[in-house]
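Positions are given from 1, in the same order as the sequence printed here. These numbers were taken from a predicted model, which means no experiment stands behind them.
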Amino acid sequence: MKARQLDPTDRRVLERNYDYAQKNVRVLSTWYDCETKRMIELLAENGIDLSANDEQRFGPYYREAR
């Protein structure tokens with residue numbers, strides 16, 4: 001039986017990984033090996049709300065990307 005590959009940008013996977021990263025965009029972007037701005041865009045595109053701390057730091061850009 002062949003193992004199914006998970007798409008790391010799938011909403012459920014992304015949301016779970018954001019939880020694992022303790023709702024920290026910078027940690028998550030390191031895991032995904034991408035720029036923080038791109039990670040915010042991915043979260044916005046998938047409708048995943050930012051944590052309170054990330055909202056303070058990145059809220060305007062997140063809302064623009066959404």
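Side-chain N or O atoms of Asn46 include none that pairs as donor or acceptor with a backbone N or O of Ile48 at under 3.5 Å.
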ask   = What do the steps show when you test Lys37 against Phe58 for side-chain contact (heavy atoms from CB on, under 4.5 Å), and what is the final call?
value = CA-CA 9 Å; Lys37 282 180 70 172; Phe58 310 113; over 6 Å; no
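Atom CE of Met39 and atom CG of Leu43 lie 6.5 Å apart (nearest 0.5 Å). Here CG of Leu6 is found 12.5 Å from CG of Leu14. Values are rounded to the nearest 0.5 Å. The CG atom of Leu28 sits 12.0 Å away from atom CD of Gln22, with the distance rounded to the nearest 0.5 Å.
In this structure, the side-chain hydrogen bond (donor to acceptor under 3.5 Å, both in side chains) partners of Asp7, at least two apart in sequence or on a different chain, are Thr9. The side-chain hydrogen bond (donor to acceptor under 3.5 Å, both in side chains) test applied to Asn24 returns no partner, not counting sequence neighbours. In this structure, Tyr20 has no side-chain hydrogen bond (donor to acceptor under 3.5 Å, both in side chains) partners at least two apart in sequence or on a different chain.
Listed by first then second residue, pairs satisfying salt bridge (Lys or Arg N to Asp or Glu O under 4.0 Å) with a partner in residues 57-66 read Asp49-Arg66, Asp54-Arg57, Glu55-Arg63, not counting sequence neighbours. Applying the salt bridge (Lys or Arg N to Asp or Glu O under 4.0 Å) definition to pairs two or more places apart or across chains, those involving residues 14-24 are Arg11-Glu15, Asp19-Lys23.
No side-chain heavy atom of Val25 sits less than 4.5 Å from a side-chain heavy atom of Tyr62. At least one side-chain heavy atom of Tyr18 sits under 4.5 Å from a side-chain heavy atom of Ser51.
Within a 6.0 Å radius of CZ in Arg12, other residues, nucleotides and ligands contribute 12 heavy atoms or fewer.
Closest heavy-atom contact between Val13 and Pro8: CG1-CA, 3.9 Å.
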